[in-house]
Amino acid sequence: MKLATISDNGKIKAGMIMGEEFISCDEGKNANTAVLAMISSGKVSEWQAMLDKAPRKKLSEIRILSPIPYLLRDMICVGKNYYAHAKEFFDSGFDATQKETIPSEPIIFTKAMTSLIGPDDAIDTSIDPTGSVDYEGELGVVISKTARRVAKNDWQDYVFGYVIINDVTSRELQKKHNQWTIGKGLDTFGPMGPYIVTKDEIDDLPSMQIQTLVNDEVRQQAEVRDLIFDIPTLIETLTLTGTLLAGDIIATGTPVGVGIGFSPPKFLKSGDKVTINITGLGSLTNPVI
Ligand code: MG
């Protein structure tokens with residue numbers, strides 16, 4: 001299933017996307033939180049059962065929003081989780097925390113839920129006074145239920161599905177403030193979408209391709225198997241001492257090819273367009289203003 005939240009002439013609706021159609025399963029006053037509620041309830045089959053009767057809309061007639069427009073809490077993110085990216089970040093000199101090129105333990109931080117935007121919403125570079133806005137195409141993991149002290153082998157029981165994330169970053173603010181909260185929490189710097197794909201639709205997670213394009217130029221191209229700390233390890237690490245909740249998003253890190261990896265850096269500027277494609281998860285495009 002592909003779970004989505006949409007706007008139909010300003011009215012928020014939640015449901016599923018199949019092919020070129022949106023199947024509307026919840027048009028009530030709480031439709032903007034319906035995808036999150038469906039994940040938490042564990043009753044996603046109820047929407048599946050509505051397939052024949054629910055009203056449909058052509059995708060060309062609606063606007064797709066972030067699948068969870070209001071997250072439960074800030075997104076959980078992983079830093080420097082691909083070998084070649086860890087090296088490009090280290091070499092760029094932008095890494096204020098640099099002690100080692102390749103991290104020996106997962107680097108975990110959070111990204112403000114207020115940064116969240118949906119497909120086709122604009123990334124606003126005017127909010128960053130330093131003019132160093134960068135893209136980070138990432139695989140997002142959606143957690144299915146409360147998770148504490150999860151053994152690595154049980155990780156799949158706690159995954160609901162997957163979604164594309166762009167962990168947009170102000171590099172100068174990331175560097176200047178040492179911690180990454182400010183540099184990654186700017187309004188509009190959290191594109192997510194177009195939908196959450198349930199885990200049963202993913203056949204071969206390690207082979208999934210992550211690709212980021214800026215103005216149709218391929219900048220990032222990697223496979224999920226290239227992660228330094230894989231998803232079972234991340235879930236084990238995060239739940240060893242803390243708790244993950246249904247609807248939590250883990251952005252697993254970005255591969256090599258970000259703007260600061262180039263010399264001179266290729267930062268995003270008004271008029272650009274960023275597209276992230278991940279196998280089976282669709283395509284997330286955002287204009288830059
Ligand atoms: Mg990132």
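Read the numbers this way: they start at 1 and go in the same order the structure lists the ligands and their atoms. This chain uses plain numbering: 1 for the first residue, then up along the sequence.
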Among the N, O or S atoms that [X] has, which is closest to the Mg ion (ligand 1)?
X: Glu138; answer: OE2
X: Glu136; answer: OE1
X: Asp167; answer: OD2

Ile249 and its side chain to side chain contact (heavy atoms under 4.5 Å, CB included) partner, picked from Ile76, Val141, Ile165: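 Answer to the side chain to side chain contact (heavy atoms under 4.5 Å, CB included) test with Ile249 among Ile76, Val141, Ile165: Ile165.
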Axial cation check for Phe89 ring with Lys80, 6.0 Å and 45° limits: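 The answer is no, since Lys80 fails at least one limit relative to Phe89.
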Lys NZ or Arg CZ of Lys87 over Phe90 ring: under 6.0 Å, within 45°: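 Cation-pi check for Lys87 and Phe90: fails.
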Flag side-chain contact, heavy atom, 4.5 Å: Tyr195 against Met1: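 No; the side chains remain at least 4.5 Å from each other.
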